[in-house]
Amino acid sequence: MSHQSMLLSTLAQQDDLSLQQTLSLNTWYSFDDSPLVASQQSEQPLAYVSVFGFQLGMHVAQLAQQLRDWQCQVQAVVRYHADDDLPPGFAFAIANPQAELNSQLKQYAAENAVQCALLSNPPRLHTPGLLVMDMDSTAITIECIDEIARLAGVYDEVAAVTAQAMGGQLEFSDSLRQRVAKLAGVELSLLAELKEQLPLMPGIDHLCATLKRHNWHLAIASGGFIPFAEQVQKQLKLDRIHANQLADDGHVLTGVVNGDIVDAQEKARFLLAYRDELGVGAEQTVAIGDGANDLLMMHAAGLGVAVHGKPKVVAQAPTAINAGSLAQILYLLSIPEFN
């Protein structure tokens with residue numbers, strides 16, 4: 001990876017269109033006018049702050065100044081290519097990042113409507129890895145249990161419990177049994193119709209196809225239900241699914257979940273077991289989800305990403321994508337290594 005140098009004060013005056021002319025793609029530019037720059041020979045821990053998305057405008061320059069105001073040891077900046085369907089992203093190399101930097105970045109992202117992330121030893125797209133994803137409101141745009149409840153005429157009361165469970169206000173397993181009990185009597189033919197109409201989350205198909213081309217394994221670990229997970233598996237060509245089984249009498253749902261419930265602990269256990277089965281390095285595992293029951297899985301992975309997550313989930317997740325296509329996860333896997 002080639003290196004050049006530039007003035008941090010120069011970057012702080014340019015919008016993203018100007019930076020396209022200033023910064024060659026996939027080339028690190030060291031800063032030579034910042035009193036906070038760490039030695040190039042330093043053995044201090046290194047992290048990356050990535051900022052990405054469409055029409056960044058002055059966000060890159062503003063974030064550079066903000067990092068300086070936070071007393072970060074900013075070593076260098078790179079404009080990098082993540083995917084042909086995405087505009088280039090930008091990343092800063094930070095030596096010895098402060099413990100509070102991640103929470104500062106999340107607050108900055110929320111206040112400035114920009115996507116940014118703190119990454120240490122991020123997974124590499126071109127090295128085989130494992131992606132484990134939640135299903136409802138992550139791989140697909142709906143909560144299947146709420147849509148089944150709509151068919152049963154109990155949508156409002158079930159959806160309210162779902163929102164509380166995903167926000168971490170209720171224990172997941174108990175809340176799931178409580179909600180499923182209200183689905184007794186729903187005809188299986190209606191579930192079959194719903195299964196054929198699952199709307200994929202924007203960008204998830206592109207993300208999965210790209211990872212597959214780079215020999216990644218893909219899986220769902222869901223507190224949702226097997227018939228819907230099987231449909232998503234078919235659509236996205238996933239390698240494995242792990243979800244709950246709704247009991248039925250051959251004609252209608254009986255209002256019971258068969259077997260052990262796939263809760264937060266089970267999702268994390270599945271990720272670790274599947275990782276070990278595949279022989280994938282811990283740093284090459286990614287977990288994504290939107291709910292509180294995804295947090296253990298996110299923290300068990302090398303990279304955990306809250307996607308369109310509830311506020312409590314975003315606050316506790318290692319990193320987050322709060323808006324737009326899930327193909328943006330490719331930004332987190334494509335930062336050129338700084339050495």
*Tell me yes or no: between the side chains of E143 and T162, is some donor less than 3.5 Å from an acceptor?*
no
*Out of V262, L272, L295, which one pairs with K267 under the side chain to side chain contact (heavy atoms under 4.5 Å, CB included) rule?*
V262
_By side chain to side chain donor-acceptor pair (under 3.5 Å) - contacts of E277 (at least two apart)_ = R240
*asked:* Rounded at 0.5 Å granularity, tell me how far NZ in K312 sits from CD in Q169.
replied: 7.5 Å
*No-hydrogen, no-angle side-chain donor-acceptor test under 3.5 Å, H206 and D83*: yes
*Using distance alone, with no hydrogens and no angle criterion, decide if T22 and Q14 have a side-chain donor and acceptor under 3.5 Å apart.*
yes
*Answer with yes or no whether the side chains of D69 and Q65 bring together a donor and an acceptor at under 3.5 Å.*
yes
_Side chain to side chain, Q178 and V161, heavy atoms closer than 4.5 Å_ = yes
*Min side-chain heavy-atom separation D263-L176 under 4.5 Å*: no
*For L330, does its backbone N or O pair with a side-chain atom of S334 as donor and acceptor, under 3.5 Å?*
yes
_Quick one: does any side-chain atom of R124 pair with a main-chain N or O of I335 as donor and acceptor, under 3.5 Å?_
yes
_Sequence neighbours excluded - ring pair (Phe, Tyr, Trp, His ring centres under 6.0 Å) pairs with any residue from residues 248-289_ = H242-F270, F270-Y274
*Measure the spacing between OG of S222 and CG of D136 and express it to the nearest 0.5 Å.*
5.0 Å
*Is there a path of hydrophobic side-chain contacts, each under 4.5 Å between heavy atoms of I, L, V, M, F, W or Y residues, that connects L125 with L119?*
yes
_Heavy atoms of other groups near E100 CD, more than 12 under 6.0 Å_ = yes
*Hey, could you give me each pair passing ring pair (Phe, Tyr, Trp, His ring centres under 6.0 Å) that has a residue in residues 289-318? Not counting sequence neighbours.*
none
*Mind listing the closest non-hydrogen atom pair of I142 and P199 along with its distance?*
CG2-CG, 3.8 Å
*Quick check: does any side chain N or O of Y48 sit under 3.5 Å from a backbone N or O of F338, one acting as donor and the other as acceptor?*
yes
*C144 SG to L194 CG distance, which is reported to the nearest 0.5 Å*: 5.5 Å
*Given the rule in the side-chain hydrogen bond (donor to acceptor under 3.5 Å, both in side chains) test, do Y80 and T27 qualify, once you have shown the distances and angles that lead to the verdict?*
CA-CA 8 Å; Y80 67 98; T27 297; over 6 Å; no
_How close do D134 and M297 get, counting heavy atoms only, and between which atoms?_
N-CE, 4.2 Å
_Ring-plane angle category for F52 and Y331, please: parallel below 30°, perpendicular beyond 60°, tilted otherwise._
parallel
*Please name the pair of heavy atoms, one in N26 and one in H81, separated by the smallest distance, quoted to 0.1 Å.*
OD1-N, 3.1 Å
*Does any N or O in the side chain of W70 come within less than 3.5 Å of the main-chain N or O of L105, such that one atom is a donor and the other an acceptor?*
no
*Which atom names give the shortest non-hydrogen contact between I321 and V305, and what distance separates them?*
N-CG1, 4.0 Å
*Give, for atom CZ of R179 and atom CD1 of I145, the distance between the pair rounded to the nearest 0.5 Å.*
4.5 Å
*Distance-minimising heavy-atom pair for N293 and F172*: ND2-CE1, 3.6 Å
*So does D249 have more than 12 non-hydrogen atoms from other groups sitting under 6.0 Å from CG?*
yes
*Under a single-linkage definition using a 4.5 Å side-chain heavy-atom cutoff for Ile, Leu, Val, Met, Phe, Trp and Tyr, are V314 and L118 assigned to the same hydrophobic cluster?*
no
*asked:* On a heavy-atom basis, which atom in A292 and which in A165 lie closest, and how many Å separate them?
replied: CB-O, 4.1 Å
*State the CD1-CD1 distance between I204 and I288, to the nearest 0.5 angstrom.*
4.5 Å
*Quick one: do L271 and L296 end up in the same hydrophobic cluster if we chain Ile, Leu, Val, Met, Phe, Trp and Tyr together by side-chain heavy atoms under 4.5 Å apart?*
no
*Decide whether L188 and V154 are clustered together by the hydrophobic rule: side chain heavy atoms of Ile, Leu, Val, Met, Phe, Trp, Tyr closer than 4.5 Å, transitively.*
yes
*What is the distance from atom CD of Q73 to atom CG of N96, rounded to the nearest 0.5 Å?*
5.5 Å
_Residues D248 and T254: side-chain donor-acceptor under 3.5 angstrom_ = no
*Side chain to side chain, L200 and L236, heavy atoms closer than 4.5 Å*: yes
_Joint cluster assignment, L332 & V132, ILVMFWY side-chain distance < 4.5 Å_ = no
_Heavy atoms from other residues, nucleotides or ligands near CD of Q107 exceed 12 (cutoff 6.0 Å)_ = no
